[in-house]
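Worksheet: one structure, shown below.
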Amino acid sequence: MGVTTDNANTLGNVNLWLGITKFISAIASDKMRRPLSPTLAKVAEQELNETPDRIQQDIIILRVWIRQQPHLRARTEDEFLIAFLRRCRYSLEETKRRIDRYFTYYNLFPEVMSNRSITQRLLDINRLGVCLFPDTPKCDNVSALFVARFGQFDPNQYSLREIYHFTSMAIEIVALENDYASVAGICEIIDLEGVNSDKMRRFDRVFFRKWWNFLHDCCPLRVKEVYVINMPKDIQRTILFLYNLLSSQVNYPIHVLKTPAELFEHIGKDCLPEEYGGTNGHMLESIADMEDLLNSYRSYFEQDHKYGTIEELRPGEIITYEAEFGVNGSFRKLNWD
């Protein structure tokens with residue numbers, strides 16, 4: 001059957017409207033989007049395949065795709081989608097998969113991904129300094145720094161679930177706010193000072209596996225390297241077991257250092273906070289900066305309950321969560337085309 005003149009005109013008008021919408025959207029977004037420094041722009045182009053002229057087109061493709069998924073309730077803000085595009089080196093299919101996994105975890109991991117709101121208890125956890133995301137210190141003048149200090153909290157007052165609940169929110173904020181983190185990735189320091197056998201006895205392997213799968217398969221930030229310091233002798237066996245297990249599953253190096261001073265050989269004093277013998281700011285400054293960010297994201301997280309997945313509406317073949325994520329349950333396998 002041929003295309004009538006009326007139909008052709010209608011199709012032409014639709015295409016024209018879409019073209020104008022894309023053009024206006026691109027102009028508006030370009031005005032609002034933070035420009036990258038020349039150094040980061042080069043990293044984004046060479047390592048992530050980021051092409052500034054194509055960013056808005058990719059954003060529109062993702063927004064259309066998200067709206068077409070009957071089961072998916074996902075955020076569609078520019079910076080949110082850009083963070084996932086960068087994490088996936090601008091592979092649209094991998095980005096779709098990671099976004100779907102991220103919001104699927106709202107159902108799979110409610111201990112961490114539900115009821116995410118800015119409360120006084122959350123601010124208190126931030127003030128403990130368990131997880132720090134210094135904005136200024138950068139490794140090799142590019143990668144962002146993340147410091148995890150699990151000895152800083154009392155398990156009788158705060159559970160590990162609460163710590164990771166806070167961390168999931170902080171990670172999302174950093175992915176949106178810190179271009180060094182979203183473009184160049186994260187250099188992580190895991191400081192085990194104060195972690196004793198009593199804390200390790202409370203270690204929940206099932207919970208940790210969920211958290212690990214979340215970081216590995218869903219997180220919008222890319223870890224480039226990990227340094228473990230201050231490992232107490234009484235927990236060495238457990239930590240080395242985890243080290244051997246995780247090292248075989250990741251594509252970045254995990255270094256267990258004998259002394260914190262060895263950090264200087266890998267990161268440098270000019271990038272480390274002063275608490276580690278560096279010259280780049282205090283941890284208290286990082287805590288204060290994160291508190292300001294958390295307060296500024298109150299309305300953002302007030303909307304968080306709107307997002308997730310409705311598995312009954314997911315199209316495709318049913319597969320188990322165990323096969324896809326390593327946890328119990330089932331869902332339909334989505335076709336990404």
Side-chain angles (χ1 to χ4, degrees), residues 34 36-44 46-48 86 125-153 163 166-167 170-171 173-196 215 219 221-233 235-236 239-240 242-243 246-247 250-294:
R34 291 188 305 273
L36 296 177
S37 68
T39 300
L40 277 183
K42 185 176 181 180
V43 172
Q46 294 180 349
E47 296 186 13
L48 306 183
R86 287 172 173 167
I125 290 173
N126 175 59
R127 292 169 186 169
L128 295 173
V130 178
C131 297
L132 303 169
F133 298 82
D135 184 49
T136 303
K138 303 169 185 71
C139 309
D140 300 324
N141 298 317
V142 178
S143 301
L145 196 63
F146 167 49
V147 182
R149 303 188 299 166
F150 294 107
Q152 292 296 116
F153 77 97
I163 301 301
F166 157 75
T167 307
I171 284 174
I173 292 173
V174 170
L176 302 181
E177 293 288 336
N178 190 323
D179 293 327
Y180 287 91
S182 67
V183 172
I186 294 290
C187 171
E188 182 175 358
I189 298 173
I190 300 178
D191 187 345
L192 297 176
E193 183 177 4
V195 177
N196 53 36
L215 293 179
C219 177
L221 293 180
R222 174 170 54 103
V223 177
K224 293 185 69 175
E225 53 191 350
V226 174
Y227 297 94
V228 181
I229 62 173
N230 293 324
M231 181 167 55
K233 290 183 179 180
I235 65 168
Q236 281 185 3
I239 297 301
L240 289 175
L242 291 174
Y243 166 79
L246 300 182
S247 295
V250 299
N251 58 357
Y252 52 81
I254 301 176
H255 308 278
V256 179
L257 306 183
K258 293 181 180 179
T259 65
E262 291 183 50
L263 285 172
F264 303 150
E265 302 172 13
H266 302 276
I267 300 176
K269 290 185 177 183
D270 57 334
C271 296
L272 289 167
E274 294 188 18
E275 287 81 354
Y276 290 123
T279 59
N280 209 343
H282 290 279
M283 290 185 181
L284 286 177
E285 295 172 341
S286 300
I287 292 172
D289 290 342
M290 178 54 70
E291 181 158 336
D292 289 341
L293 281 171
L294 288 167

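The CG atom of N178 sits 13.0 Å away from the CZ atom of F146 when rounded to the nearest 0.5 Å. Distance NE2/H255 to CD1/I190: 12.0 Å, rounded to 0.5 Å. The distance from atom CG of L128 to atom CD1 of I287, rounded to the nearest 0.5 Å, is 8.0 Å. To the nearest 0.5 Å, atoms CD1 (I229) and CD (E193) are separated by 8.0 Å.
Ring planes of Y227 and H266: tilted class, angle from 30 to 60°.
Taking the side chain as every heavy atom from C-beta outward, L132 and P273 never approach each other to under 4.5 Å. Side-chain contact between F166 and L294 is present, with heavy atoms from C-beta onward closer than 4.5 Å. At a threshold of 4.5 Å between non-hydrogen side-chain atoms, the residues Q152 and M283 do not count as touching. With contacts defined as side-chain heavy-atom distances shorter than 4.5 Å, the pair Y276/D191 qualifies. Here the side chains of E225 and C187 are in contact, with some heavy-atom distance below 4.5 Å. Taking 4.5 Å as the limit, some side-chain heavy atom of I171 sits within range of a side-chain heavy atom of L215. A heavy-atom distance below 4.5 Å is found between the side chains of R86 and D179. Put simply, the side chain of I189 reaches to within 4.5 Å of the side chain of L272, judged on heavy atoms.
Without hydrogens or angle criteria, R149 side chain to G129 main chain gives a donor-acceptor distance under 3.5 Å.
Between M290 and N126 the shortest heavy-atom distance is CG-OD1, 3.2 Å. In this structure, T167 and C131 approach most closely via the heavy-atom pair OG1-SG, 3.3 Å. In this structure, Y252 and V226 approach most closely via the heavy-atom pair CE1-CG2, 3.6 Å. Between V174 and A181, the shortest heavy-atom contact is CG1-CB, 3.7 Å. The shortest non-hydrogen separation linking E275 to G281 is OE1-O, 4.0 Å. Taking both residues in full, the closest heavy atoms of L48 and S182 are given as CD1-O, 4.2 Å, listed atom of the first, atom of the second, then distance.
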